[in-house]
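Here's the structure, in structure tokens; my notes come after.
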Amino acid sequence: MCCLEKVPMSRPVVTRFAPSPTGMLHIGGVRTALFCWLFARKHGGRFILRIEDTDLSRSTDDNIRIIEEGMAWVGLDWDEGPIVGEPSQWKGPHGPYRQMQRMESHYKPAVEKLIAEGKAYRCRCTREELDERRKLAEAKGVPFSYNLGVDAGKGCRDANHDASQPYSVRLKMPQDGAIVLDDLVKGRIEFPADTLDDWIIARTGEGTEIGVPTYNFCVVVDDTGMEVTHVIRGDDHVANTPKQIALYQAMGFELPRFAHVPMILGKDGAKLSKRHGATSITEYQALGLLPSAVRLALARLSWTPKIDGKAVESAEEEILTDEQMIQLFDLNEIQKSPARFDMDKLSWMNQKLIQKATWQELEPHLRPFLPEAWSAKPEDWKRIAITATQKGKSLVEMAEALRFAFERPTEFDEKGVAKFMTEAVKPALREVAGLSDYAHDALEAAFNAILERHGLKTKDLAQALRVALCGKPVSPGIFDTLMLLGPDEVLARLEKWL
RNA sequence: GGGGCUAUCGUCUAGGGGUUAGGACAUCGCCCUUUCACGGCGACAACACGGGUUCGAAUCCCGUUAGCCCUACCA
């Protein structure tokens, strides 16, 4: 069944990605964002980027820019959210899209309303008192709770405190039954009410003021205010969801659909972290990966698209275009269990995508990995350079394979010299140096003629040329190598060997 | 401690009562070849464990184990 059919509301699909600007854009976050993006695109809906910058100590405009640029690079464009390079502006009708800018306008009125309606209450318990109780519970080996079980009746739930003293604000949770979450990927999950106690929606403020609201509160206010219909997020949020559901209900809002997607683990099954290698999207960019490869690899982690009801059955089918992914995407096909990140497969997909791309498509991605001189080269030259190296696993490999075209070799591979720079081959080399018609066919014909005259095999001459021209017996196809260098440069590099 | 989620080749996964348990990446071997690659062909390789239910269980149920998440006036 399509998840859309289960949505009671007839509003257009809206998803959102809400990262914290804490210094980098994590690959796991990008994957979640990708699912949100795919889902929105598939259903012709909107995709929102929202910045959760309530962690004042780590949130900076620079970090927000890192997120924006990372998202832009990986090709996840947002319909609503911040405007790159304009910290105080945004696009979309539900702004601001930075939480710190929503305090007075959105969060505080919502808290006040809940208190006024008796759905939430002021709590005068201090952090110290709470810590004390927590320690006590721990010593006794019983679970701490604010107002549940043995702690029932404790706390300020029924005290009806006014605002005359500093207070935090807690939400009254239902006290019996269960909160059920009908998750689009995990299925039905029940949370017994007696495990969910009254939680803080707003921290203690100054004097009679309401303090800064907490994450679980802001999320709900934002998601309702921004008309989010499908909350697609990491499954580390599953256990937060019953709190949020209770809040939706207290505020009288219709529930969105929830889809908790599994997290990405490192190769060893531990949470993906620095020691597994690259975790930030910026690093993947630097590795010479195509954004399309990153999208594909990330999407295929935990998701098996079905074509006509069948999962992909060949290497060819693994390489999906964005259009195919958007068309095929279905939350029902997402795995419940976490997946381990596999750099090898990403790398293979990257290679396949490089092979499939036209040289024009590749050029802008490749350019940053090449020296300045690249830009000045004629189109034809670029075409040859790219098509000649399009077997590489990454843009870095391609650039590396083209180095010889920009730098004369300073060192020469000893084994290569010993093996291929024979006396027998030198006269042939001399003839190659004299060639002037560098059109591919002419070059090939002349090359073969030289071979014949000197009784050499292709390998003998080609390898000797590679060593002389590139310093090592490795280069693109020999005719491409010659063409990229051109007759003058070939002559110059050959001179010392004649 | 409590609550929740998860478990098929090394990795991503298909399959959901009867299959030689299928594919992809990686690995290994062979072939192709002007180098390196690409490409082609092939091989290796899995149902976490223990109980049920059943004529029959990877598949359904219950336990166990392991991993992860939440259990904050973090997000």
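Residue numbering restarts at 1 for every chain, and letters A, B, ... go by the order of the sequence lines.
- Centroid-to-centroid, the aromatic rings of A/Tyr167 and A/Tyr121 stay 6.0 Å apart or farther.
- Among B/G2, B/C69, B/G22, the nucleotide with an atom closest to any side-chain atom of A/Glu313 is B/G22.
- Among the protein residues, A/Met263 comes within range of the sugar-phosphate backbone only, with heavy atoms under 4.0 Å from sugar or phosphate atoms but none that close to a base.
- Taking only side-chain nitrogens and oxygens, A/Thr54 comes nearer than 4.0 Å to OP1 or OP2 of B/A75.
- Distances shown here put a side-chain N or O of A/Lys352 below 4.0 Å from the OP1 or OP2 atom of B/G39.
- Within 4.0 Å of A/Glu317, counting heavy atoms only, lies no atom of the nucleic acid at all.
- A/Glu431 and A/His454 are linked by a side-chain donor-acceptor pair at a separation below 3.5 angstrom, with hydrogens and angles left out of the test.
- In the set B/A14, B/C73, B/C38, B/A14 carries the atom at the smallest distance from any side-chain atom of A/Thr304.
- Here the separation of B/G22 from B/U71, taken at their C1' atoms, is 42 Å to the nearest Å.
- Only one option out of A/Leu465, A/Leu443, A/Val425 pairs with A/Val432 in a side chain to side chain contact (heavy atoms under 4.5 Å, CB included); it is A/Leu465.
- Heavy atoms of A/Gln355 sit under 4.0 angstrom from primed sugar atoms or phosphate atoms, though from no base atom.
- A/Lys306 comes within contact range of the sugar-phosphate backbone alone, with a heavy-atom separation under 4.0 Å but no base atom that close.
- Nearest-nucleotide mapping onto RNA chain B: of A/Gly392 and A/Phe144, the residue sitting toward the 5' end is A/Gly392.
- The gap from the C1' atom of B/A46 to that of B/C25 amounts to 15 Å, rounded to the nearest Å.
- When the shell of 6.0 Å around CD of A/Glu489 is examined, it contains more than 12 heavy atoms from other residues, nucleotides or ligands.
- On the P atoms, B/G50 is 11 Å away from B/A58, given to the nearest whole Å.
- Taking 90° from 0 as the syn/anti boundary, the base of B/C60 is oriented anti.
- A salt bridge links A/Arg124 with A/Asp162: the closest approach of a Lys/Arg side-chain nitrogen to an acidic carboxylate oxygen falls below 4.0 angstrom.
- Regarding contacts with the backbone of B/C5, every side-chain N or O of A/Lys186 stays at 4.0 angstrom or more from both OP1 and OP2.
- For the pair A/Gln390 and B/A37, the criterion of a side-chain N or O lying under 4.0 Å from OP1 or OP2 is not met.
- On a pure distance criterion of 3.5 Å, no polar donor-acceptor pair joins the side chain of A/Arg300 and the base of B/U13.
- A/Glu138 comes within contact range of no nucleotide atom at all, as no heavy-atom separation falls under 4.0 Å.
- Rounded to a whole angstrom, the distance from the C1' atom of B/C69 to that of B/C60 is 27 Å.
- Cation-pi geometry between A/Arg466 and A/Phe420 is not satisfied (NZ or CZ under 6.0 Å from the ring centre, within 45° of the ring normal).
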Point to revise | Residue pair A/Asp342, A/Lys267: steps toward the salt bridge (charged side-chain N to carboxylate O under 4.0 Å, His left out) verdict | key: CA-CA 7 Å; A/Asp342 185 359; A/Lys267 239 197 144 93; 3.6 Å; yes
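- Of the residues in residues 469-486 of chain A, A/Pro473, A/Val474, A/Ser475, A/Pro476, A/Gly477, A/Ile478, A/Phe479 come within less than 4.0 Å of RNA chain B through at least one heavy atom, sorted by number.
- Counting only distance, with no hydrogens or angles, the side chain of A/Ser394 and the backbone of A/Gly288 share no donor-acceptor pair below 3.5 Å.
- Crowding of A/Asp131 atom CG: a count of heavy atoms from other residues, nucleotides or ligands under 6.0 Å exceeding 12.
- Nucleic acid contact class of A/Asp344 (heavy atoms, under 4.0 Å, all strands): sugar-phosphate only.
- Contact between the side-chain N/O atoms of A/Lys345 and the OP1/OP2 oxygens of B/G10 is not found at any separation under 4.0 Å.
- Backbone-only contact: A/Ile189 has heavy atoms under 4.0 Å from sugar-phosphate atoms and none from a base.
- The nearest heavy atom of RNA chain B to A/Lys267 and to A/Arg134 marks one nucleotide each, and the one closer to the 5' end goes with A/Lys267.
- In this model, the phosphate group of B/C38 is approached by a side-chain N or O of A/Lys393 to a distance below 4.0 Å at OP1 or OP2.
- For A/Thr204 against B/C73, a side-chain N or O and a base N or O form a donor-acceptor pair under 3.5 Å.
- Among the atoms of the strands shown, none is found under 4.0 Å from any heavy atom of A/Cys218.
- Comparing the same atom, C1', in B/G15 and in B/U27 gives a spacing of 25 Å after rounding to whole Å.
- Contact annotation: A/Ser314 does not reach the phosphate of B/A24 (side-chain N/O to OP1 or OP2, under 4.0 Å).
- Taking atom P on both B/C32 and B/A45, the two are 28 Å apart, rounded to the nearest angstrom.
- For B/C41 and B/U33, the C1' atoms lie 16 Å apart once the distance is rounded to whole Å.
- Within the 4.0 angstrom heavy-atom criterion, base atoms lie near A/Arg127.
- Within 4.0 Å (heavy atoms only), A/Asp197 reaches no atom of the nucleic acid at all.
- For A/Arg340 against B/U11, no side-chain N or O and base N or O form a donor-acceptor pair under 3.5 Å.
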Exercise for review: Using the salt bridge (charged side-chain N to carboxylate O under 4.0 Å, His left out) rule, take A/Asp151 and A/Arg133 through it: C-alpha gap first, then chi angles, then the decisive distance, then the call.
Suggested key: CA-CA 10 Å; A/Asp151 297 301; A/Arg133 282 180 55 188; 3.6 Å; yes
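- A gap of 15 Å separates the P atoms of B/G29 and B/C36, to the nearest Å.
- Nucleic acid contact class of A/Thr195 (heavy atoms, under 4.0 Å, all strands): sugar-phosphate only.
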